[in-house]
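Worksheet for the structure shown next.
Count residues from 1 along the sequence.
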Amino acid sequence: MRRVVVLVLSLGLLLAPSAAPAEPSAPGSSWSPRAAQYPGSVTESNVAIPMSDGLELRGDVVRPVDENGEVVNEPLPVVVTITAYNKSALSAAGFGGGEADYLVSRGYVRLTVDARGTGNSPGVWQVFGEREQLDAKEVVEWAAQQPWSDGAVGMSGASYMGISQLFAAGQQPAGLEAIFPQVPSAEVYRDVVASGGQLDVGFMPLWLGLVNVTGLIPGTSLDAIAVVLQHLLGTTPSSLGLLLEAFLGGEQAYDGPYYEERSTLTRSVPAIDVPTFLVGGHYDLFQRGTPLVFQKLHERGVPVKMILGPWDHLQGSSGAEIVEAGYGTLDELQLRWFDHYVKDLPDPTLDADIADFTYYELGSGQWRERDAYLDEQTASVYHLSGTSAPISGGGQLTEGDVESGSSSIAPIALAGLCSRSATQWTAGVTNQIPLDNPCNTDNALNDRFGVVFETEPLAEPLHMLGPIAARLYASSTTGDGLLSVHVSRVQPDGRVERLTGGWQVMSLAALDEEKSVKLGDEIVQPWHPFTRDSRRLRAPGEVTPVDVEVFPTGAVINPGDRLRISVQTFDLPHLAPTLEQLPGALGVVTIHNSPEHPSRLVVPDLAGEVPTDEGDESGVVDAIEDALGGAAGLTPITADAGPERSWPARIADAFLPATGSPMSGVLILVAVALVLGGSALRLRGGDGSPSS
């Protein structure tokens with residue numbers, strides 16, 4: 001049937017007039033971005049923004065100017081960004097997502113504010129504490145009440161600025177109409193502070209250092225020196241104290257009230273009711289959290305969309321590659337979102353043009369569109385079988401009978417250094433080096449530091465979307481240790497593409513099934529309390545089930561590929577044990593698999609959700625183009641370099657012959673009929689029966 005649609009579309013294109021409207025920003029969309037209304041802008045720096053406790057935050061207000069250089073006095077909607085990285089330094093670096101002047105030139109005011117205790121704002125930084133959250137609400141309401149504001153406010157920004165949006169929106173400030181958070185977190189403890197119970201040493205010190213250093217850059221206000229001293233004497237010691245207490249095994253090493261207060265998933269997301277556009281990355285720091293935010297908002301019926309790309313934290317923050325999703329640039333997406341929900345301009349095709357959930361599928365390189373994130377997946381279970389050994393491997397993943405075995409892993413601290421994990425958990429900083437990093441594209445070397453279990457080459461594609469769970473029956477010579485799990489796609493040439501990872505300290509493996517996510521009867525996202533009270537050291541050699549939360553992915557294991565799980569006991573530079581955990585981390589860990597100890601990997605299988613003939617359809621289009629290129633006197637027009645065009649657009653390109661004669665049209669129709677007819681026969685197995 002879809003081939004008939006192709007033919008009908010093709011005939012329509014042949015008969016259509018040659019004149020065409022301006023190319024829309026996104027292929028297949030009727031929407032095009034508005035042209036700039038104003039030629040320039042003016043900035044008022046360090047405007048005082050009073051808070052309810054008497055402290056004044058500092059913000060920069062950017063307003064448009066007309067062709068005469070006069071500030072536009074008409075009240076306009078405002079886009080607010082709250083940052084901890086010093087708004088002046090942020091602006092100079094061009095970081096944070098989107099160009100301020102793009103929105104300002106189209107009739108918006110931009111307000112960028114330094115969070116309390118950072119940049120040019122006085123006070124002590126609260127790291128998203130309750131007072132800082134209230135600040136976010138009050139900043140939005142202040143912006144809505146200014147004479148240059150029409151009362152409607154949107155919010156934008158990445159990472160810290162994205163998290164600030166969620167905290168503001170959860171308090172439902174007057175005037176807030178829509179938000180656009182890039183790479184925000186959900187549960188800060190589980191997302192980034194202590195994955196699986198060990199402390200992050202790749203990103204957290206780097207992040208705290210960044211906030212503290214940018215907070216010491218002198219501002220231009222009269223009280224700039226006083227503010228710098230306040231940061232030096234207040235914020236810096238506070239940050240260092242948090243790190244030290246955590247590594248000494250204090251309360252900061254465990255989940256509890258401090259992190260609960262800073263969890264958007266429980267603190268603010270349940271109360272968000274404004275339209276929300278999320279951007280996430282497969283290799284982002286908040287790879288786990290951003291889809292959870294989408295899921296919770298989607299379940300409540302809040303207008304929400306998300307684009308999940310093959311990006312690390314810096315890439316997701318910049319939004320430079322978001323155009324590959326096919327909906328336009330980051331600036332254009334923000335303009336469209338805010339125009340509709342903040343300016344209240346009609347956009348009847350918004351939902352038709354942009355799917356609720358769009359993700360890049362690792363393994364196929366295709367962008368997939370869905371109406372939801374976790375809805376109709378099923379749990380596919382692969383059991384560990386046989387025995388694996390470091391360097392040599394040898395274990396199997398199977399859906400059939402299990403061979404009993406036990407596989408021991410030595411505590412090798414180098415594990416993790418040569419893997420995509422190292423790049424991901426340093427926020428993608430190493431990707432800024434203009435050299436290829438083979439550790440990002442092949443996890444084979446890292447896997448040799450542990451044990452490996454993999455399937456036979458698959459006969460059918462396995463499409464996965466969502467979180468993954470590994471239940472591993474483990475023992476340790478010390479009664480504790482870390483299970484660092486990598487899930488990968490092994491290609492026929494032996495290259496190991498790491499798709500995602502998960503981590504779990506054995507002594508913190510207490511499971512809360514009520515808070516865990518299930519598909520059917522199988523847990524795909526285990527939830528652990530990570531409290532001091534839940535900590536339990538095992539006896540040396542005691543076998544216990546350890547449920548490892550493997551962070552979500554969207555990937556396909558292609559026919560001929562193998563699905564692999566590898567397990568090590570370290571993941572540097574990502575994680576390091578606290579002083580309290582260190583003795584237990586130095587033991588030998590053994591993975592057990594048998595009917596009594598059914599170690600397994602549970603993946604969210606899309607099953608019949610992903611069309612299985614997409615590759616065939618792409619092949620049909622290729623064949624049409626080849627046939628047209630070979631027809632006498634015809635020269636198919638090839639699209640310029642850029643985002644891959646959809647198959648109707650490619651056929652449209654091909655159906656513009658070099659000559660305009662009626663005979664050309666006849667040749668085209670003959671070629672199309674022959675190709676489609678032959679393709680349909682091949683797709684039906686050659687004898688007319690449907691193919692698989």
Side-chain angles (χ1 to χ4, degrees), residues 1-2 186 265 269 276-278 280 282 287-310 325-327 351-382 399 455 458-471 487 489 499-500 502 513-527 547 549-559 561 563 600-617 690-692:
M1 181 64 187
R2 296 182 72 180
L265 195 66
V269 170
T276 302
F277 201 122
L278 296 157
H282 284 301
Q287 168 193 1
R288 173 188 184 274
T290 309
L292 281 174
V293 173
F294 172 88
Q295 182 71 7
K296 294 302 181 183
L297 293 177
H298 189 268
E299 288 173 353
R300 291 180 41 237
V302 176
V304 60
K305 295 186 184 295
M306 178 170 171
I307 297 175
L308 176 65
Y327 302 134
D351 289 328
D353 291 344
I354 304 176
D356 285 350
F357 189 86
T358 303
Y359 72 101
Y360 179 92
E361 186 178 59
L362 302 173
S364 71
Q366 299 294 313
W367 286 93
R368 307 287 189 193
E369 299 179 357
R370 291 176 57 79
D371 295 329
Y373 168 54
L374 278 181
D375 57 351
E376 298 182 5
Q377 288 94 322
T378 58
S380 288
V381 180
Y382 295 85
E399 295 180 281
T455 64
L458 298 189
E460 299 291 336
L462 170 63
H463 294 274
M464 304 180 293
L465 177 63
I468 296 171
R471 168 163 281 197
V487 174
R489 177 177 76 101
L499 302 173
T500 185
E513 288 204 34
E514 289 296 318
K515 292 185 177 181
S516 299
V517 176
K518 290 185 177 181
L519 291 177
D521 295 330
E522 292 289 346
I523 292 174
V524 290
Q525 191 167 37
W527 198 93
D547 291 277
E549 179 188 2
V550 180
F551 286 9
T553 190
V556 60
I557 311 298
N558 297 304
D561 294 341
L563 174 65
R600 61 188 183 269
L601 183 71
V602 184
V603 302
D605 188 348
L606 284 172
E609 290 297 297
V610 176
T612 57
D613 63 341
E614 286 192 9
D616 295 326
E617 186 145 73
S691 70
S692 59

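Panel note: side chain Thr500, backbone Phe551; a donor-acceptor pair is recorded below 3.5 Å. Between the Gln295 side chain and the Leu374 main chain, a donor and an acceptor come within less than 3.5 Å of each other. Put simply, the side chain of Arg300 gets close to the backbone of Val269: a donor and an acceptor are under 3.5 Å apart. Side chain of His282 to backbone of Tyr360: a donor-acceptor contact under 3.5 angstrom is found. Under the 3.5 Å distance criterion, the side-chain polar atoms of Gln525 are left unmatched by any main-chain donor or acceptor of Ile523.
Every residue two or more places apart in sequence or in another chain that forms a side-chain hydrogen bond (donor to acceptor under 3.5 Å, both in side chains) with Asp561 is listed here: Arg489, Asn558. Taking Ala352 as the reference, nothing meets the side chain to side chain contact (heavy atoms under 4.5 Å, CB included) condition, with sequence neighbours excluded. For Glu514, the salt bridge (charged side-chain N to carboxylate O under 4.0 Å, His left out) test picks out no residue, with sequence neighbours left out. Listed by chain and residue number, Ser364, Arg368, His463 satisfy the side-chain hydrogen bond (donor to acceptor under 3.5 Å, both in side chains) test with Glu361 (two or more places apart in sequence, or in another chain). For Asp605, the salt bridge (charged side-chain N to carboxylate O under 4.0 Å, His left out) test picks out no residue, with sequence neighbours left out. Not counting sequence neighbours, the partners of Asp351 by the side chain to side chain contact (heavy atoms under 4.5 Å, CB included) test are Lys305. By the side-chain hydrogen bond (donor to acceptor under 3.5 Å, both in side chains) test, Trp527 pairs with Glu187, sequence neighbours left out. Taking Asp371 as the reference, nothing meets the side chain to side chain contact (heavy atoms under 4.5 Å, CB included) condition, with sequence neighbours excluded. Partners of Ser516 by side-chain hydrogen bond (donor to acceptor under 3.5 Å, both in side chains), not counting sequence neighbours: none found. Every residue meeting the side chain to side chain contact (heavy atoms under 4.5 Å, CB included) condition with Val381, not counting sequence neighbours, appears here in chain and number order: His383, Glu522, Arg600, Val602. Here Lys518 pairs with Glu513 under the salt bridge (charged side-chain N to carboxylate O under 4.0 Å, His left out) rule; sequence neighbours left out. By the ring pair (Phe, Tyr, Trp, His ring centres under 6.0 Å) test, Tyr373 is found to be paired with Phe357, residues two or more places apart in sequence or in another chain being considered.
Taken from CG in Leu297 to CG in Leu265, the straight-line distance is 9.0 Å, to the nearest 0.5 Å. Atom OG1 of Thr553 and atom OH of Tyr359 lie 9.5 Å apart (nearest 0.5 Å).
Using a 4.5 Å heavy-atom cutoff, the side chains of Leu563 and Leu601 are in contact. Using a 4.5 Å heavy-atom threshold, the side chains of Phe294 and Thr276 count as separate.
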Take Leu499 and Met464, measure what side chain to side chain contact (heavy atoms under 4.5 Å, CB included) needs, and give me the verdict at the end.
CA-CA 11 Å; Leu499 302 173; Met464 304 180 293; 4.0 Å; yes
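In terms of heavy-atom proximity, Leu465 sits nearest to Gly554 at CD1-CA, 3.9 Å. Thr290 and Gly280 get closest at one heavy-atom pair: CG2-CA, 4.3 Å. Across every non-hydrogen atom of Ala469 and Pro526, the tightest pair is CB-CD, 3.9 Å. Closest approach of Pro291 to Pro552, counting heavy atoms only: CG-CG, 4.4 Å.
No side-chain donor-acceptor contact under 3.5 Å links Tyr382 and Thr455.
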